[in-house]
Trainee: 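Quick one: the structure is below, questions incoming.
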Amino acid sequence: MIFNAFLENIAPYNAGRPVDEVVRDFGVLPEDIIRLASNENPYGCSQKVIESIKKYAKNISLYPDDSMGKLKELLAKTYGLSAQNFIIGAGSDQIIEFCLRIKCNASSRVLMAKTTFAMYEIYAKQTGAKIIKTSGKLHDLKEFEESYKEHGADVIFLCLPNNPLGECLDFVEVYEFLTSIDHKTLVVLDGAYQEYAAFKDKNKSIDCKKLVLDFSNVIVLKTFSKAYGLGGLRIGYGIAQDDLIAKLHKIRPPFNVGSLSLEAAYWALKDEEFIQKSVEDNFTFMRDYEDFAHSHQMDFIPSYANFITLFCDNKTLNSTEICEKLLQKGVLVRDLVSYGLNALRITIGTKEQNLKVFSLLQANLS
Ligand SMILES: *Cc1c(COP(=O)(O)O)cnc(C)c1O
């Protein structure tokens, strides 16, 4: 059979080893598995969410409200915008896909950082677009500007903070950069970890309202999968001017987000205390990882997200081997070998989970 030729260049996303397999292959009890490979919230989600889902369960025979008005109104209030400035997706992943589909075809170009979220490239390639990457290790707006001048781009992705390295550009620099971009180019600002970054340093906080007021070609993406702890419910959203949102809605399938997800997201957004506590603990325990890295001569980049990436080069260690050793003990972390890096990306866990990581790492570093 002959398939779409675009598929030839696409390496499927690697979502890591399924927990069931780890249980089966290494005899680890399911309750002893420590999941620090996907940047999920180690504290779960708000209790308000759990209660709302229980109450809502009796309605699941009904299709969701496709207008998603209840959640959009709350988002509008939260951001000081209106409901027409929001599109809700099955994870912000789905909005990434929509953004590429409204802009790209086989003659398009998509610009992104060398090491960034893998789905930008995968969805871009599905449209046949050509990928252009900056060459520096981290996001560098000078490089983005030069590359944009040289090659042009239909879509530009900035990941703020960046997964998988954790660095984050200042909002003022990003704003300045946006003023240099033609309004024909769509700029996607992926804020999947914004709750963390904004807490650590106000300068990293994306001012969504200002962007919506000033730019017709910019969209900010947010997700409920990370700080809000709703990864299993697949819900995220995009914030932009209403014309851009209306274009995205043209390719959104009906009922793309389930009713339980919409209900859960509504209550998750209302529980600010839960987010505050999760984010605070994240940076408290991140310091333990930084101390560990220092005392073991492992390099890292200061992270503005809920993970830290530790480089293994210094001691001629091999990240794949270390990952495998941790996996055998039921601890899942992300090997960055597929990004061409000899590094581990570890989600900051609970205090107990982190201690387990340190003791296993210690045993494998010596
Ligand atoms: C996790 C993540 C997303 C998307 O997550 P969803 O679960 O699809 O909402 C988007 N961007 C980055 C950088 C991420 O790390």
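The figures that follow rest on heavy atoms only: side chains count, while hydrogens, waters and symmetry mates do not. Start at 1 and go down the list; that is how both ligands and their atoms are numbered. We're numbering straight along the sequence, starting at 1.
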Trainee: Indicate, as side chain, backbone, both or neither, the part of Ser225 found under 4.0 angstrom from ligand 1 when only non-hydrogen atoms are considered.
Mentor: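 Side chain only; the backbone of Ser225 stays clear of ligand 1.
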Trainee: Quick one: does Gly91 get within less than 4.0 Å of ligand 1, heavy atoms only?
Mentor: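 Within the 4.0 Å threshold, so yes.
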Trainee: Of all the heavy atoms in Tyr193, does at least one lie under 4.0 Å from an atom in ligand 1?
Mentor: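 Flag set, Tyr193 near ligand 1.
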Trainee: Pairing donors with acceptors under 3.5 angstrom, does anything connect the side chains of Tyr175 and Asp214?
Mentor: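 The criterion, which ignores hydrogens and geometry beyond distance, is satisfied for Asp214 and Tyr175.
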Trainee: Hey, is ligand 1 close enough to Tyr120 that some N/O pair sits below 3.5 Å?
Mentor: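 Tyr120 vs ligand 1: no N/O contact under 3.5 Å.
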Trainee: Does some side-chain heavy atom of Thr309 sit less than 4.5 Å from a side-chain heavy atom of Ile301?
Mentor: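 Not touching, per the 4.5 Å side-chain cut-off.
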Trainee: Any cation-pi pair here, Lys114 with Phe157, using under 6.0 Å and within 45°?
Mentor: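 Negative - Lys114 is either too far from the ring of Phe157 or too far off its axis.
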Trainee: With under 30° as parallel and over 60° as perpendicular, where do the rings of Tyr237 and Tyr79 fit, or are they tilted in between?
Mentor: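 Perpendicular, since the angle between the ring planes exceeds 60°.
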Trainee: If we only count heavy atoms from C-beta on, is the Glu352 to Lys356 side-chain gap below 4.5 Å?
Mentor: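 Heavy-atom side-chain distance check fails, nothing below 4.5 Å.
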Trainee: If you count the atoms of ligand 1 from 1 in the order shown, which ones are under 4.0 Å from a heavy atom of Ala192?
Mentor: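 Counting atoms of ligand 1 from 1, those under 4.0 Å from Ala192 are 2 (C), 10 (C), 11 (N), 12 (C), 14 (C).
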Trainee: A cation-pi test, strictly: NZ or CZ of Lys72 under 6.0 Å from the centre of the six-membered ring of Phe86 and no more than 45 degrees from its axis. Yes or no?
Mentor: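 Geometry flag: not set, cation outside 6.0 Å or 45°.
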Trainee: Do me a favour and list the nearest non-hydrogen protein atom to atom 4 (C) of ligand 1 with residue, atom name and distance?
Mentor: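 The answer is Ser92 OG, 3.2 Å.
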Trainee: If you measure from each non-hydrogen atom of Arg234 to ligand 1, which part falls under 4.0 Å: side chain, backbone, both or neither?
Mentor: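 The part of Arg234 near ligand 1 is the side chain, not the backbone.
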Trainee: Between Asn163 and Arg345, do the side chains contain a donor N or O and an acceptor N or O under 3.5 Å apart?
Mentor: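 Yes, because at least one side-chain N or O of Arg345 sits under 3.5 Å from a partner of the opposite role on Asn163.
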Trainee: What about Thr223: any of its N or O atoms under 3.5 Å from an N or O on ligand 1?
Mentor: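 Between Thr223 and ligand 1 (N or O atoms, distance only) the closest approach is under 3.5 Å.
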Trainee: Distance to the ring centre below 6.0 angstrom and angle to the axis at most 45 degrees; does that hold for Lys200 and Tyr304?
Mentor: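 Checked: cation-pi criterion met.
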Trainee: To which of Leu160, Thr116, Asp190, Asn163 does the heavy atom nearest atom 10 (C) of ligand 1 belong?
Mentor: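 Answer by nearest heavy atom: Asp190.
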Trainee: Where's the contact between Asp93 and ligand 1, heavy-atom distance under 4.0 Å: side chain, backbone, both or neither?
Mentor: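 Near ligand 1, Asp93 shows its backbone as well as its side chain.
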Trainee: side-chain contact (heavy atoms from CB on, under 4.5 Å) with Tyr120: which of Asp190, Leu111, Val110?
Mentor: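 Considering Asp190, Leu111, Val110, a side-chain contact (heavy atoms from CB on, under 4.5 Å) with Tyr120 is found only for Asp190.
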Trainee: Report the nearest protein non-hydrogen atom to atom 2 (C) of ligand 1: residue, atom name, distance rounded to 0.1 Å.
Mentor: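 The protein heavy atom lying closest is Lys226 NZ, 2.4 Å.
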Trainee: Measuring from the heavy atoms of Asn39, does anything fall under 4.0 Å of ligand 1?
Mentor: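 The answer is no, since Asn39 has no heavy atom less than 4.0 Å from ligand 1.
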Trainee: Any atom of ligand 1 sitting under 4.0 Å from a heavy atom of Cys159?
Mentor: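 Yes, Cys159 has heavy atoms under 4.0 Å from ligand 1.
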